[in-house]
Number of protein chains: 2
Amino acid sequence: MRNVTIKEVAQAAGVSTATISRVLNKSGYVSEDVRHRVLETVRQLNYRPNAVARNLKRERTHCVGLILPDMRNPYFMRLAREVQALLSVRNYHILYTDSGADAARERSAINFMLENRIEALVIAGMGKNADKLREVQDRGVPLILIDRRVNNVESDIIIEDNRGAAERAVKLLVDKGHRKIGILCGPAGISTADERREGVQAALERAGLSPADMFWYSGDFSRSSGREAARQMHRLLEPPTAVFSANNEMTFGLYLGLKEMGQPLDFWEVASYGELEFAPLFANRLAYVRQNPEALGRTAAELVLERIGGADRGIGLLEQIVLTPDIVCM
Amino acid sequence: MRNVTIKEVAQAAGVSTATISRVLNKSGYVSEDVRHRVLETVRQLNYRPNAVARNLKRERTHCVGLILPDMRNPYFMRLAREVQALLSVRNYHILYTDSGADAARERSAINFMLENRIEALVIAGMGKNADKLREVQDRGVPLILIDRRVNNVESDIIIEDNRGAAERAVKLLVDKGHRKIGILCGPAGISTADERREGVQAALERAGLSPADMFWYSGDFSRSSGREAARQMHRLLEPPTAVFSANNEMTFGLYLGLKEMGQPLDFWEVASYGELEFAPLFANRLAYVRQNPEALGRTAAELVLERIGGADRGIGLLEQIVLTPDIVCM
DNA sequence: TTGTAGGCGTTATCAA
DNA sequence: TTGATAACGCCTACAA
């Protein structure tokens, strides 16, 4: 059973292709009689319209691009799932790519999506492709930054109050009396990492503590960098009594590191930006910033629909939506 | 900057569209002179070919469909990532859908992919859409079942030895002297669940134990069903001393349930089909079947390329690849 | 109520 | 070495 074209269906049903199209798209008049005959033929030949051709003709694809740094991070996947769920209700589909936190791959993903004429792009970017993202906008494709800012790109954006939440998280540690804190930062250039670092600084300053007294570790948001940080901190003559970790994966790595070194998991008081879903099982000295990736995803999806919906695309009415996560102590 | 067409580029460069196409596709002869002029114009106009049109003309899309039941389950995402990584090297892209473990959504995803003329479909199916999957094959689209069988579908398939691994896992419990075991099964109809249940039966029989003496719980592979199972087992007059759980999420739920009930996490000796990446942090009475989703994904991707590559599509040379996972005791 | 025909943006065949 | 031109499969004025 090869794929059948609309022409063949038309021939078999003894009508014109226009009629087939009208029946299938419920557009224009067509007699009940003919309608049934067409539908029956369609069924018999198992006709399935070629979306590629339709997209070319209609100049719309009903596809939305989604680019995220890591498929394996539950935070992003919870976000992605929500985007997909909402868009699929409106019959939009997702072209999804995992950039692997690699700017070059991100770039080529954007190119691919552009060539495939996605109708909107949602991206948690690596911050290195501002030019590409501006190109997306220039081509009239609504761009929605999510989770992360990108320098030199003016766009709709949905993020968290990273700075504020990080500040509150560190304040929590300070209030408990900790004076020597390990700070696990994310990679410079990623806005979430930068803003969380600012938040940390702010908290320290307000508490009258000197940043120089802290142990700063520059990680890359990966599990292994958290693990490495744990090792290094543990080796110090005067190890910190508490740790702030800038994302969920590094926090996980931190605990893995402790375990490997044979230390108890409550060796440090920990404040984590981002949740470990399994933390309730073992953590008793952990506070975390509870993010809401579903809310981010949902908001993004709604914004996509609004932008695609074709409201006026004037400039200056860009949305900047900032969600405020709360902090949970275990 | 609206999207520019090949015609406009041709006009601007003072050549025909054919020449532009030849330059861009490096097909056919074109003088160095003209080539440079064309490339320069392309750059200036920021021309980006329309893949939709190209796909229509070439009758291939370079897209492969991937349908999995749950984006949030790390097992599937590790698999997905590997598929994507390998295919993207060969310039194939992925149309990815999360079926949400819902047969109807799975069905409509398949339809969408069919209309978009994917060149192959990789699916961990819900087992209810055999007819659809056969349609996929009938249309000449290579079908690769992954992780799960589907009744009444003959196809390339890449799975694990679910039965054998489950049997070994339960044997482990029996060998440790457990005589009353809680068995958390997955939903009937999903081949992995069914085969794992068979493995359990086999292990019990060989050990001369009566299945009737065990506590059977029929879950749905979800976290919450594991949690519920924990509650029910705990309520029994004579609770089991060990538990076998048929997948990672239910195992997680099991531990969450214990925690909620204020029980220690080593309350039961546990054997889990599937890994909990965070288990090292707290589990001391856990054995698990270590699956290898990356291997599944890699194998699937290679098979896709082979099938697309257009080797003869005779019948009877279907691949059935069975991976044998090992069992890890913590 | 239905049919004809042009065109969406490419690629590829054939001439020139 | 290049240029017309006919598809690819569908939709949609415009006619009838």
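Treat the numbers as computed from the prediction; the structure is a model and nothing was measured. Chain naming here is simple, since letters A, B, ... match the order of the sequence lines and numbering starts at 1 in each.
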Exercise for the section: Please report the C-alpha distance between B/L145 and B/V153 in whole Å, then the side-chain angles of each, then the deciding distance to 0.1 Å, and finally whether the side chain to side chain contact (heavy atoms under 4.5 Å, CB included) criterion is met. Expected result: CA-CA 9 Å; B/L145 302 183; B/V153 174; 4.3 Å; yes
Problem - Test log, rule salt bridge (charged side-chain N to carboxylate O under 4.0 Å, His left out), inputs A/D70 and B/R81 - result: CA-CA 9 Å; A/D70 187 3; B/R81 195 175 216 255; 3.4 Å; yes
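Atom-to-atom, NZ of A/K7 to P of C/dG6 comes out at 13 Å; the value is rounded to the nearest Å. Note: CG (A/N116) to P (C/dG9) measures 15 Å, nearest angstrom. Atom pair A/E59:CD and D/dG9:C1' shows a separation of 15 Å (rounding to whole Å applied). Atom pair B/R35:CZ and D/dT1:P shows a separation of 13 Å (rounding to whole Å applied). Distance, A/R37 CZ to C/dT2 C1': 11 Å, rounded to whole Å. At whole-Å resolution of the value, CG in A/N3 and C1' in D/dC10 are 14 Å apart. The distance between atom CZ of A/R48 and atom C1' of D/dG9, rounded to the nearest whole Å, is 16 Å. Spacing between atom CD1 of B/I20 and atom C1' of C/dT10 amounts to 12 Å, rounded to whole angstrom units.
A donor and an acceptor atom, one from each side chain of A/E119 and A/Y92, are located under 3.5 Å apart. Side-chain contact of B/N46 with A/R139: a donor-acceptor pair under 3.5 Å is present, judged by distance alone. For the 3.5 Å distance criterion, the side chains of A/R48 and B/N111 qualify, holding a donor opposite an acceptor.
Of the charged side-chain nitrogens involved, none lies within less than 4.0 Å of a carboxylate oxygen, so that A/E106 and A/K132 do not count as a salt-bridged pair. Contact check on B/R37 versus B/E40 returns no salt bridge, with no Lys/Arg side-chain nitrogen under 4.0 Å from an Asp/Glu carboxylate oxygen.
Formation of a donor-acceptor pair under 3.5 Å by the B/S31 side chain with backbone atoms of B/V34 is found in this model.
Among the heavy atoms of the strands lying under 4.0 Å from B/V34 are primed sugar atoms or P, OP1, OP2 only; no base atom is included. Within the 4.0 angstrom heavy-atom criterion, no nucleotide atom of any strand lies near B/N55.
OP1 or OP2 of C/dC8 has not a single side-chain nitrogen or oxygen of B/N50 nearer than 4.0 Å. For A/S31 and C/dT2, the shortest distance from a side-chain N or O to OP1 or OP2 is below 4.0 Å. Taking only side-chain nitrogens and oxygens, A/Y47 comes nearer than 4.0 Å to OP1 or OP2 of D/dC10.
Closest to the side chain of B/Y29, from the set D/dT1, D/dC8, C/dT11, is D/dT1. Taking the side chain of B/K57 as heavy atoms from C-beta on, and the options C/dG9, C/dT2, D/dT2, the nearest nucleotide is C/dG9.
Going from atom NZ of A/K57 over to atom CZ of A/R54 covers 13.5 Å, rounded to the nearest 0.5 Å.
From one end of the helix from C/dT1-D/dA16 to C/dA16-D/dT1 to the other, with five pairs defining each end axis, the axis direction shifts by 40° (rounded to 10°).
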Please list, pair by pair, any protein nitrogen or oxygen found under 3.5 Å from a nitrogen or oxygen in nucleotides 3-5 of chain C.
{"residue": "C/dG3", "atom": "OP2", "partner": "A/S16", "partner atom": "N", "Å": "2.9"}
{"residue": "C/dG3", "atom": "OP2", "partner": "A/S16", "partner atom": "OG", "Å": "3.2"}
{"residue": "C/dG3", "atom": "OP2", "partner": "A/T19", "partner atom": "OG1", "Å": "2.7"}
{"residue": "C/dG3", "atom": "N7", "partner": "A/R22", "partner atom": "NH2", "Å": "2.9"}
{"residue": "C/dG3", "atom": "O6", "partner": "A/R22", "partner atom": "NH1", "Å": "3.1"}

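Residues meeting the side chain to side chain donor-acceptor pair (under 3.5 Å) test with A/R78, sequence neighbours left out: A/E294.
The residue among B/L56 and B/D33 whose nearest nucleotide of DNA chain D lies closer to the 5′ end is B/D33.
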